[in-house]
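Source: prediction; values computed, not measured.
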Amino acid sequence: MKKISLFLIICLLLVTGCGKKAKNVEGTLEELMTKVYASVSDEEKPMMLTNTEVNNENIEYYLGTADIEYKEALASESAVGSIAHSVVLLRTKDNADIEAIKTKIKESINPRKWVCVGVEEKDVIVENKGDLVVLILVENSATREKLEESFKNL
């Protein structure tokens, strides 16, 4: 009986990773944004794609809420017209409740924040890798999938 109990405990530790946190992604947000877009061709990117530092004045536009604590954030959107395309990278503070942050963003973001265009709520992607959170609001499903896969591969 003791051997079975010990075996079950070892299995649980292996499955849960002994309580270790996921490894944080190294690099500047600019470098990481470039890597996220690496699998997307120029033809698939919207015109005049620009990166903007997210700050206290524009955080609600890019993330839907100012009610999250973060170290830094960077948004990538088109500077032209109404194009439903936004990718935001957010680095959380140490010991942040990342699941709560992801939930807050998912519940707060307006997927129709652009004039006349938007993304279906089911297509809003909020994921994390270590302390890095990504929000992907992209109308084109093939591009959205490439961006999500690139983020996962960071």
>> Rounded to the nearest 0.5 Å, what separates atom CD1 in I105 from atom CD1 in I125?
In response: 13.5 Å
>> For V138, is there any backbone N or O sitting under 3.5 Å from a side-chain donor or acceptor partner on R144?
In response: yes
> Is the closest side-chain donor-acceptor distance between Y37 and S76 under 3.5 Å?
Replying inline: yes
> How many angstroms lie between atom CD1 of I101 and atom CG of N128, to the nearest 0.5 angstrom?
Replying inline: 9.5 Å
> Can any side-chain N or O of E44 pair as donor or acceptor with the backbone N or O of S41 at less than 3.5 Å?
Replying inline: yes
>> Suppose the criterion is side chain to side chain donor-acceptor pair (under 3.5 Å): which pairs have a residue in residues 104-116, not counting sequence neighbours?
In response: E77-K113
> Between I83 and P46, what is the shortest heavy-atom contact and its length?
Replying inline: CG2-CB, 3.8 Å
> Would V40 end up clustered with V134 when hydrophobic side chains under 4.5 Å apart are linked, directly or stepwise?
Replying inline: yes
>> Quick check against the 3.5 Å criterion: does T143 have a side-chain atom that pairs as donor or acceptor with the backbone of E139?
In response: no
> For E120 and D123, what are the C-alpha separation, side-chain angles and deciding distance, and is it a side chain to side chain contact (heavy atoms under 4.5 Å, CB included)?
Replying inline: CA-CA 5 Å; E120 296 296 323; D123 294 327; 3.6 Å; yes
> Between NE2 of H85 and CD1 of I136, what distance do you get to the nearest 0.5 Å?
Replying inline: 9.0 Å
> Shared ILVMFWY cluster between L29 and L90, side chains joined below 4.5 angstrom?
Replying inline: no
>> Atom CD of residue position E72 - does it have more than 12 heavy atoms of other residues, nucleotides or ligands inside 6.0 Å?
In response: yes
> Within the distance-only criterion (no hydrogens, no angle test), does the side chain of K129 pair as donor or acceptor with the backbone N or O of L154 below 3.5 angstrom?
Replying inline: yes
> When V133 is tested against each of L89, I68, V88, T92 for side-chain contact (heavy atoms from CB on, under 4.5 Å), which residue passes?
Replying inline: T92
> Can you name the nearest heavy-atom pair linking V124 to V119, along with the distance?
Replying inline: N-CG1, 4.4 Å
> To the nearest 0.5 Å, what is the distance between CE (M33) and CG (L74)?
Replying inline: 4.5 Å
>> Apply side chain to side chain contact (heavy atoms under 4.5 Å, CB included) to residues V25 and L32 and explain how you reach the verdict.
In response: CA-CA 9 Å; V25 180; L32 297 173; 3.5 Å; yes
> Between V115 and V117, does a side chain to side chain contact (heavy atoms under 4.5 Å, CB included) hold up when you go through it step by step?
Replying inline: CA-CA 6 Å; V115 178; V117 296; over 6 Å; no
> If you measure from CG on L132 to CZ on F151, what distance do you get to the nearest 0.5 Å?
Replying inline: 4.5 Å
>> Assigning hydrophobic clusters by single linkage (Ile, Leu, Val, Met, Phe, Trp, Tyr; side-chain heavy-atom cutoff under 4.5 Å), is Y61 placed with L135?
In response: yes
>> Under a 4.0 Å threshold between the charged nitrogen and the carboxylate oxygen, would K152 count as salt-bridged to E149?
In response: no
> Among the clusters formed by ILVMFWY side chains lying less than 4.5 Å apart, do V36 and Y70 turn up in the same one?
Replying inline: no
> Same cluster for L49 and L147 if Ile/Leu/Val/Met/Phe/Trp/Tyr side chains link at under 4.5 Å?
Replying inline: yes
>> When you measure from the side chain of E31 to the backbone of T28, do you find a donor-acceptor pair of N or O atoms at a distance under 3.5 Å?
In response: yes
> More than 12 foreign heavy atoms under 6.0 Å from NZ of K45: is that the case here?
Replying inline: yes
>> Does this structure show an ion pair linking D131 with K93, if we count only N-O contacts that are shorter than 4.0 Å?
In response: no
> Does the side chain to side chain contact (heavy atoms under 4.5 Å, CB included) test come out yes or no for L137 and I109, once each step is laid out?
Replying inline: CA-CA 9 Å; L137 298 172; I109 194 64; 3.7 Å; yes
> So how far is it from N24 CG to R91 CZ, rounded to the nearest 0.5 Å?
Replying inline: 7.0 Å
